[in-house]
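Have a look at the structure below before the remarks.
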Amino acid sequence: MISVEEAQRRILGCVQVLEPEEKPILDCLGQVLATDIHSPIDIPPLDNSAMDGYAVQAEDTCGAGSSSPIVLTVVGEVAAGSIPDREVKAGTAIRIMTGAPLPKGADAVVQFEDTDEATRKARRNSSPRIGILRQAEKGLNVRHKGEDIAKGTLVLEEGRVLRPAEIGVLASLGHSRTKVIRRPVIAVLATGDELVDIDQPLPPGRIYNSNTYTIAAQVLRYGGTPKILGIGRDSVQSLNERIAEGLNADMLITSGGVSLGDYDMVKNVLAKRGEITLWTVRMKPGKPSAFGVLSSKEDGREKRVPHLGLPGNPVSSMVAFEQFARPAILKMMGKKNFAKPTIQALIEDGVENTDGRRVYTRVIVTRRGGQYYARPTGPQGSGILTSMAKANGLAVIPENSKGVKAGDAVQVQMLDWSEDQLPEE
Ligand code: AMP
Ligand code: MG
């Protein structure tokens, strides 16, 4: 048996970071920037107002207060997006909107609430004057040219993962397209004579193929593009045909056919195209997995396609995907952090560990009084997919332990942080 970490190490050793592509920024969400981004402009481009108010010379407001207004002459108005055509001179002010460039001569903005504008309006006083009700220090409510991003600076480094904020920063620089590491195409092949396509009637004794869809959804969640190869039958010819279709992908994931009874055939088919090793990994569920590298020719060049063979049981397939396929996809996408987000929680039921493997127990994590609690989601059979649907985390019960008892602290790999799965307390 090999450890989970050893299996991860071997898999990561066989996958490479993919090449960059250029595309519209909104298509890049979650991808890794493949170039440094320097700013061609200052942001903001000019000194401008952070408030709706009056642009003034700070000196003019010396001694102003709510009971001692200082009255200035209003010589104009400037809206966001326009360039002021007047200057603020001593004794004058210009009405200014948020984001509008600061007029020449002004060095502060007094917001409407600190003027008597409302009272003047109520009295229908249309004289071009304004009473200032507070003393303004220089720079009050002024946003300075380049204070967010100065022209020429390095704004985003190669390797950054693009989230909504980074996409906004790219937009603020006027970049409509950018370069990111491309998404891996992951071919997904289910195997088994018992499987039926989900758009077909279900004959007696058969089951629907669910693994293709959980695996493809996991691929999407972690940023890959699934390429669904359908169902391979338990025959050499069927498997051969299907696998051939997966060889132009960046990785092939199969499900089923890795338990001892079935393995010979999958192994025989795959061994003709490359290497394949059946692994028994010190984990539960997900002990039998297979990993290899298939060879194919693309444009006359040899291409090596990593192949991960996940167990057929639906929960084993999902858990093994999280531990093995997820880091491989993240690496191909140029990401550096492969660890699942993990928290410490108190487990609410005991979990036995009978054979020294690392047990991943499906749990629902809740937070009460500043403490996380993890409650197992019922029967933990590796065919019970609904126990996975009820879970938002996998509690990790260490290998070589006898298990944990209720109240013990455990590490929990979070499957989601979303509130959607949390039960009402
Ligand atoms: P295997 O690893 O092929 O021996 O399959 C183990 C168990 O998982 C069997 O009960 C299979 O019926 C089930 N299984 C295999 N593939 C799938 C699939 N694609 N969807 C749902 N269940 C599956
Ligand atoms: Mg099978």
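Counting convention: from 1, in listed order, for ligands and their atoms alike.
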Exercise for the section: Report, as yes or no, whether the 6.0 Å neighbourhood of atom NZ on K179 holds more than 12 heavy atoms from other residues, nucleotides or ligands. Expected result: no

Handout entry: Cationic tip of R368 above Y373 ring, under 6.0 Å, 45° of axis
Key = yes

Practice task
Show the numbers, then the answer: is there a side-chain contact (heavy atoms from CB on, under 4.5 Å) between V359 and E352?
Solution key: CA-CA 9 Å; V359 183; E352 276 192 0; over 6 Å; no

Handout entry: Element-labelled atoms of ligand 1 that are located less than 4.0 Å from some non-hydrogen atom of A190
Key = 19 (N)

Completion exercise
of all protein heavy atoms, closest to atom 12 (O) of ligand 1 is E194 OE2, 2.6 Å

Practice task
Return yes if a side-chain donor-acceptor contact under 3.5 Å exists between K335 and Q31, otherwise no.
Solution key: no

Practice task
Looking only at distances, please establish whether an N/O atom of ligand 1 is found under 3.5 Å from an N/O atom of L195.
Solution key: no

Completion exercise
Restricting to heavy atoms, the pick from V315, N313, L310, T212 nearest atom 6 (C) of ligand 1 would be N313

Handout entry: Residues E5 and R282 bridged, charged N to O under 4.0 Å
Key = no

Handout entry: Taking atom 5 (O) of ligand 1 as the reference point, the nearest protein heavy atom with its distance
Key = G312 CA, 3.7 Å

Practice task
Please examine the side chains of H175 and V169, heavy atoms only from C-beta on, and report whether any two atoms are closer than 4.5 Å.
Solution key: no

Exercise for the section: Any atoms of ligand 1 less than 4.0 Å from a non-hydrogen atom of N209? List them with their elements. Expected result: 18 (C), 19 (N), 20 (N)

Handout entry: Beyond-backbone contact of I130 with E117, side-chain heavy atoms, under 4.5 angstrom
Key = yes

Exercise for the section: Could you find the nearest protein heavy atom to atom 16 (N) of ligand 1 and give me its residue, atom name and distance? Expected result: N211 ND2, 3.6 Å

Completion exercise
Of all protein heavy atoms, the one nearest atom 21 (C) of ligand 1 is S210 OG, 3.4 Å

Practice task
Would you check the N or O atoms of I207, main chain and side chain alike, for any that come under 3.5 Å of an N or O of ligand 1?
Solution key: no

Completion exercise
So the atoms of ligand 1 within less than 4.0 Å of a heavy atom of Y208 turn out to be 20 (N), 21 (C)

Practice task
Could you check if a side-chain atom of E194 sits within less than 4.5 angstrom of a side-chain atom of Y208, using non-hydrogen atoms only?
Solution key: no

Handout entry: Element-labelled atoms of ligand 1 that are located less than 4.0 Å from some non-hydrogen atom of G257
Key = 1 (P), 2 (O), 3 (O)

Problem - Contact check, S259 vs ligand 1, heavy-atom distance below 4.0 Å - result: yes

